[in-house]
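Okay, structure first, notes after.
All of these numbers come straight from a predicted model, not from anything done at the bench. Residue numbers start at 1 and run along the sequence shown.
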Amino acid sequence: MAERVAIGEPAVVGAVAGAVAAEVTPSRPRHPLVGLGVALASAAAFATSGAFGKSLLVGGWSPGAVVTMRITLAAVVLLVPALWSLRGRWPALRRNAWVVVGYGLTGVAGCQLAYFNAVTHLSVGVALLLEYLAPVLIVGWLWLRHRQAPRRLTLVGVALAVSGLLLVLDVIGGASISVVGVLWGLGAAVCLVLYFLLADHVDDDVPPLALAGGGLVVGAVSLGLAGLVGVLDMSRGAARVPLGGVVVDWWVPVLVIAIVAAAFAYVTGIAAVRMLGPKVASFVALTEVLFAVLFAWLVLAELPTPVQLVGGLLIVAGLAAVRADESRGPAPRDGAADAADAADELATGSGDRAADPAAARRAESAGAP
């Protein structure tokens, strides 16, 4: 990232490594309050897909057809604004081309494909719970890759958020388990992790509109190819579908899940990651479950139970704990991580400690050979 190189940090190879490095030592300023509002707007927009998409599924449309229409139409909607936002910034897009492709394949197409495959083997509650293990995976990745052990408050937030999800999704009540479905659900969680990390890794010179538009184009093309080779069922359903007690044309819910739940949701989601960082943004995204319950109540007359309301309070408490911990700055790393970084720094040089006296001193003080 150009901004990081300018302040003297070494370039990081690999999208995930760069994204996690941004979380450990953030180079862009964070805007907590504005970012929180944008993240909540993104979560609410994503949540509309469940209630409105269900009307298409009830009408006989296959999940593959629904998600492909959603992503393709969203890509068309964002194409012109994305191109407009890139005026004079095409070199930045070329520098981040592989990040955009990876974002579209994993965060857009991969996440949707894995989730809908999980739903074919599992109950919706279990599949969604597995996908939303993503925040826990991000905390674990930071711990394993950068020795950034989560502090007690973050661990409390993780426990509260996962416990709240269990209650909101009512997993205890009649959830079916399939090994294949669990693997697809975990695949969706990994893709969701990459969605947050890749969105944070791209250069600030690439506008959120461009990243979202490019990712949606890549996702639409890959989903279309998956349908052509038979990976996704593209069966069409009825021309008129039930929605909120009335019958509407099929394109009405399609417009909602494409423009609101895809185009708007992805743009605001990327902006939220840049404002909050991937860890906090991923936890705020958990509120999508709460919004999904709310929209199911308003559109489908599916009322939340008292247990689900308690779960919602636990999720909010978990988000507050993680946000409070994040405001204290990154957790300190142990000596082994510092030694490994110093050794890597020396290994990438001429092999002689005299070539970088500062790195040599750091390695010796950290115990590197």
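Contact annotation: the side chain of V248 approaches that of V241 to within less than 4.5 Å [non-hydrogen atoms, C-beta and beyond]. In this structure the side chain of V310 never reaches within 4.5 angstrom of the side chain of L313, judged on heavy atoms. Contact check for Y103 versus I270: side-chain heavy atoms found under the 4.5 Å cut-off. Side-chain contact check for R95 versus D205: some heavy-atom pair is nearer than 4.5 Å. Two residues are said to be in side-chain contact when any heavy atoms from C-beta on lie closer than 4.5 Å; L93 and V100 meet this criterion. Looking only at side-chain heavy atoms (C-beta outward), L86 and P207 come within less than 4.5 Å of each other. Side-chain atoms of L73 and L255, non-hydrogen and from C-beta on, do get closer than 4.5 Å to each other.
Between the side chain of W61 and the backbone N or O of S235 there is no donor-acceptor pair closer than 3.5 Å.
In this structure, L57 is not a member of the same hydrophobic cluster as W184, with clusters built from ILVMFWY side-chain heavy atoms closer than 4.5 Å. In the hydrophobic clustering of ILVMFWY residues, with side-chain heavy atoms under 4.5 Å counting as a link, V66 and V58 come out apart. Placement of V77 and V217 in two distinct hydrophobic clusters is found when ILVMFWY residues are connected by side-chain heavy-atom separations under 4.5 Å, directly or transitively. Following chains of ILVMFWY side-chain contacts shorter than 4.5 Å, one can reach V256 starting from W251, so the two form part of one hydrophobic cluster. Under a hydrophobic-cluster definition in which Ile, Leu, Val, Met, Phe, Trp and Tyr are linked whenever side-chain heavy atoms come within less than 4.5 Å, directly or via other members, L211 and L79 are assigned to the same cluster.
Summarising the geometry of L105 relative to S222, their closest heavy-atom pair is CD2-CB, 3.9 Å, with the distance given to 0.1 Å. Between V34 and M275, the shortest heavy-atom distance links the atoms CG1-SD, 3.9 Å. When all heavy atoms of G213 and A82 are compared, the closest pair comes out as CA-CB, 4.3 Å. Shown here for L56 and W250, the closest heavy-atom pair between the two residues is CD2-O, 3.6 Å. Summarising the geometry of P208 relative to V267, their closest heavy-atom pair is CB-O, 4.2 Å, with the distance given to 0.1 Å. Contact detail for C191 and T106: the closest heavy-atom pair is CB-O, 3.3 Å.
The cationic group of R94 does not satisfy the cation-pi geometry with W90, failing either the under 6.0 Å distance to the six-membered ring centre or the 45° limit from the ring axis.
Within the model, atoms CZ of F264 and OG of S42 stand 7.5 Å from one another, a figure rounded to the nearest 0.5 Å. Taking CZ of F295 as the reference point, atom CZ of F52 lies at 7.5 Å (rounded to 0.5 Å). Taking CZ from R89 and CG from N96, the interatomic distance works out to 12.0 Å, rounded to the nearest 0.5 Å. Taken to the nearest 0.5 Å, the CG atom of L228 stands 7.5 Å off from the CE atom of M234. Distance check: T268 OG1 to F46 CZ gives 6.5 Å after rounding to the nearest 0.5 Å. The CG atom of L78 sits 9.5 Å away from atom CD1 of I259, with the distance rounded to the nearest 0.5 Å.
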